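What you are looking at is a predicted structure, and each value in this text was computed from that prediction instead of being measured.
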Amino acid sequence: TKLGVGSFGALGAKTCGPWAKVVVDQSLILTQYGFAICDLIFIVENVRDVVCLETYGAACPSKVAMCIGVLVCLVPFTWLRSLTVLTVPVLMSNVA
């Protein structure tokens, strides 16, 4: 980089001082949590709608149950350090 900084927080610290680094980092963390929660709500609502539609309303799970189910499926993906471990499953899904 031209300014010699490697992150937004470092840029804030260089331009406005150490308090700006804290403000920038906290803003980025809050933004990422917001996006993650919105994604979770979006997935839960859509999966719930599909389940209710396909069962003609006979098996409409609660939003809490769906949220727990989606989290159980998604949390293991957060433990991955690299997406290269998913190469074989992705290739197999392209064949299927």
Side-chain angles (χ1 to χ4, degrees):
T1 61
K2 291 182 181 179
L3 294 175
V5 294
S7 67
F8 291 114
L11 180 62
K14 189 166 187 142
T15 57
C16 297
W19 64 271
K21 180 183 184 330
V22 173
V23 170
V24 169
D25 287 342
Q26 293 298 320
S27 297
L28 289 172
I29 289 170
L30 283 172
T31 302
Q32 291 300 315
Y33 274 122
F35 281 125
I37 290 169
C38 287
D39 283 343
L40 180 65
I41 291 170
F42 178 77
I43 292 169
V44 166
E45 290 290 329
N46 283 321
V47 171
R48 185 175 182 272
D49 288 345
V50 168
V51 169
C52 288
L53 183 69
E54 291 297 321
T55 61
Y56 300 105
C60 287
S62 70
K63 290 180 183 179
V64 173
M66 286 300 300
C67 189
I68 291 170
V70 168
L71 282 174
V72 165
C73 294
L74 290 180
V75 165
F77 287 108
T78 65
W79 297 330
L80 294 176
R81 293 245 181 216
S82 173
L83 294 179
T84 57
V85 298
L86 297 176
T87 304
V88 173
V90 168
L91 288 173
M92 292 174 62
S93 70
N94 286 334
V95 173

Query raised in the report: Of all heavy-atom pairs between Pro61 and Arg48, which one has the smallest distance, and what is that distance?
Result: O-NE, 2.7 Å
Requested in this report: Search all heavy atoms of Val90 against all heavy atoms of Ser93 and return the closest pair with its distance.
Outcome: O-OG, 2.7 Å
Query raised in the report: According to a 4.5 Å side-chain heavy-atom criterion applied to Ile, Leu, Val, Met, Phe, Trp and Tyr, with indirect links allowed, do Leu71 and Ile43 form part of one hydrophobic cluster?
Result: yes
Requested in this report: Please test Asn46 against Val50 for side-chain contact (heavy atoms from CB on, under 4.5 Å), starting from the C-alpha separation and ending with a verdict.
Outcome: CA-CA 6 Å; Asn46 283 321; Val50 168; 5.6 Å; no
Query raised in the report: Looking at CD1 of Ile68 and SG of Cys73, how far apart are the two atoms once the value is rounded to the nearest 0.5 Å?
Result: 12.0 Å
Query raised in the report: Given side chains that start at C-beta, do those of Leu91 and Thr87 come closer than 4.5 Å, heavy atoms only?
Result: yes
Query raised in the report: Do Leu28 and Leu11 share a hydrophobic cluster, counting only Ile, Leu, Val, Met, Phe, Trp and Tyr and linking them when any side-chain heavy atoms are less than 4.5 Å apart?
Result: no
Query raised in the report: Are Ile41 and Val51 joined in one hydrophobic group, where the rule is that I, L, V, M, F, W and Y side chains link up if heavy atoms are under 4.5 Å apart?
Result: no
Query - Single-linkage hydrophobic cluster, 4.5 Å side-chain cutoff, Val64 and Val72 together - result: yes
Requested in this report: Indicate, with yes or no, if Met66 and Leu40 share a hydrophobic cluster defined by side-chain heavy-atom contacts under 4.5 Å among Ile, Leu, Val, Met, Phe, Trp and Tyr.
Outcome: yes
Query raised in the report: Would you say the side chain of Val22 lies within less than 4.5 Å of the side chain of Trp19, judging by non-hydrogen atoms?
Result: no
Query raised in the report: How close do Ala10 and Ser7 get, heavy atom to heavy atom, and via which atoms?
Result: N-OG, 3.1 Å
Query raised in the report: Would you say Lys63 and Glu45 make side-chain contact, with heavy atoms under 4.5 Å?
Result: yes
